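One structure is given below, encoded as structure tokens.
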Amino acid sequence: METARIGVTGLAVMGRNLARNLARHGHPVAVHNRTAARTKALVEEFGDEGTFLPADTPERFVASLERPRRLVIMVKAGAPTDAVIDEFAPLLEPGDMIVDGGNAHFADTRRREAALRERGIHFVGTGISGGEEGALHGPSIMPGGSAESYEALGPLLEDIAAKVDGTPCCTHVGPDGAGHFVKMVHNGIEYSDMQLIAESYDLLRHAAGFAPAEIAEVFRTWNTGRLESYLIEITAEVLAHTDAATGKPFVDVVLDQAEQKGTGRWTVQTALDLGVPVGGIAEAVFARSVSGHADLREASRDLPGPARGTVGDAGFADKVEKALYASKIVAYAQGFHEIQAGSAEYGWNIDSGAMATIWRGGCIIRARFLDRIRAAYEADPSTPTLLTDDHFAEALGDAQDAWRDVVATAARIGVPAPGFATALAYYDSLRADRLPAALTQGQRDFFGAHTYRRVDRDGSFHTLWGGDRTEVTS
Ligand code: 6PG
């Protein structure tokens, strides 16, 4: 009987395209879906792309896999993933591998990995980015799990991943939940990138007075420079699109309420737990949230404020480009900080430079910029922040005046720019000699005897605020 090198169960669009990608690369792939019609349709439509071994039951599916078995599950994150694991794990043997290619929460992945490890089964939580096109033509792949499982899986995954300069956009991220953690932060950065682009559009429209088609041209131009990226490219496409039904710009007929599936929110929740400031990502999540509160917005519509008007600055678009680039540097610096903090917390030993390398192609945030980040980590693998890398520090210095001007203009004319503003505040916080946190400490000590440290002596101190205000050591 012919055996498959790998199997995919869950043949919705992502699973189907991943299976096709494997088959197209010459890997015989077993395919299975809870409803057999999908399996049948896949083989009927795309059977000539490679060797597919369709199976109509979990037992037949597992039996068709060579050993150690490599089984990829592509189902909805959450309870459906647990249900599929419960269904397949009893059919597997020690040494076999279950790859979860969904957007699982890394804590779930850690739990599943630990449970399956007890049974000798490798559980490989794997971030896959690039949407349905990426799954078919080459995604960015972020596998976690054991080093041993990567030996058996890595070559296949690297084969089907996107390539940049011949380097696959896939590497072993680290043990247990590391892959899904990094994918989560990827999505958080994706939110931030999208929010900064949205603010740029809003400012070009309402401060510079450009029409959507003109803004599309601005983004097209930006996409030939240092901002070159998939998200900038598709932004130009979306802005240039006209609604067939009304003849209006597409962007004017879409309801302005952004939705989310939750990975951006997880990035922020996790950052709060780890104590990592990710204001850029948080503002991006909150901006979607604000947009969705229709009742709140409706009730507030008549609040006073300046009427939006053009600023009449011929160079404004260039200033926005600088503000966007500077804020983007901040967003990525924050995301990488979170990866480093997660890595330290969970003992994952994640190589930040390698993450930048595998995000250069295939994924939603793919960008020329990521090669700069790769180079920054190559120059100094233990840098505490990307902001101080020579290239980025210079770009931030160069963007200064424009960045501040854009944030000030937005505030003056009443265009919300929370992403730009928080990025600038983070930048200024880091570079400040003294922060008002000293005052915060004084207040905490006043009302709660929470103590403070001094700049001139070691130890913890408390001032007797309710008494003679002498200072005591605590
Ligand atoms: C990717 C994307 C993808 C994500 C969508 C939708 O890397 O391919 O990040 O995984 O699910 O972009 O995300 P939201 O619905 O939360 O915007």
Side-chain angles (χ1 to χ4, degrees), residues 10 12-18 21 72-78 80-81 99-106 108-109 125-144 157 160-162 164 169-171 173 177 179-198 229-235 237-238 254-271 278 280-292 331-332 335 338-339 355-367 369-370 419:
V13 66
M14 286 294 286
R16 186 185 64 185
N17 283 359
L18 205 70
N21 190 351
V72 183
I73 55 182
M74 295 296 291
V75 298
K76 225 169 129 50
T81 305
V99 179
D100 173 13
N103 266 336
H105 192 289
F106 74 95
D108 286 335
T109 302
T126 301
I128 302 180
S129 178
E132 48 188 277
E133 282 298 295
L136 183 60
H137 299 293
S140 174
I141 310 180
M142 297 149 247
L157 299 180
I160 61 162
V164 174
C169 295
C170 172
T171 194
V173 175
H180 275 142
F181 186 94
V182 163
K183 175 60 176 29
M184 174 189 77
V185 176
H186 164 284
N187 281 27
I189 293 174
E190 171 185 307
Y191 275 50
S192 191
D193 245 343
M194 291 169 71
Q195 174 62 22
L196 294 170
I197 290 173
S229 62
Y230 173 70
L231 285 171
I232 295 278
E233 181 192 328
I234 65 164
T235 300
E237 295 297 317
V238 173
V254 176
L255 192 68
D256 61 345
Q257 296 180 19
E259 296 178 11
Q260 51 185 313
K261 293 203 199 77
T263 46
R265 188 172 62 237
W266 292 348
T267 312
V268 179
Q269 287 168 335
T270 304
V278 293
I281 301 170
E283 287 296 353
V285 175
F286 286 138
R288 290 195 192 189
S289 171
V290 167
S291 78
Y332 280 70
E338 182 165 350
I339 289 177
M355 298 308 104
T357 304
I358 64 168
W359 286 350
R360 292 181 308 167
C363 61
I364 303 297
I365 64 169
R366 62 184 180 262
F369 176 75
L370 278 151

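Just follow the structure's listing: the first ligand is 1, and inside any ligand the first atom is 1. Since the model is a prediction, treat every value here as computed from it, not as a measurement.
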Among I141, T171, V99, side chain to side chain contact (heavy atoms under 4.5 Å, CB included) partner for L157 | I141
Heavy-atom check, side chain of H186 versus side chain of M355, under 4.5 Å = no
For R16, what residues pass the side chain to side chain donor-acceptor pair (under 3.5 Å) criterion, not counting sequence neighbours?
-> none
Quick check: are there more than 12 heavy atoms from other residues, nucleotides or ligands sitting under 6.0 Å from CD of Q260?
-> yes
Residues which pass salt bridge (charged side-chain N to carboxylate O under 4.0 Å, His left out) with R360, listed by chain and number, not counting sequence neighbours = D165, D371
Give the protein residues with at least one non-hydrogen atom closer than 4.0 Å to an atom of ligand 1, ordered by chain and number.
-> N103, S129, G130, G131, K183, H186, N187, E190, Y191, Q260, K261, G262, R288, I364
Considering residues at least two apart in sequence or located in another chain, which fulfil the side chain to side chain donor-acceptor pair (under 3.5 Å) criterion with T81?
-> none
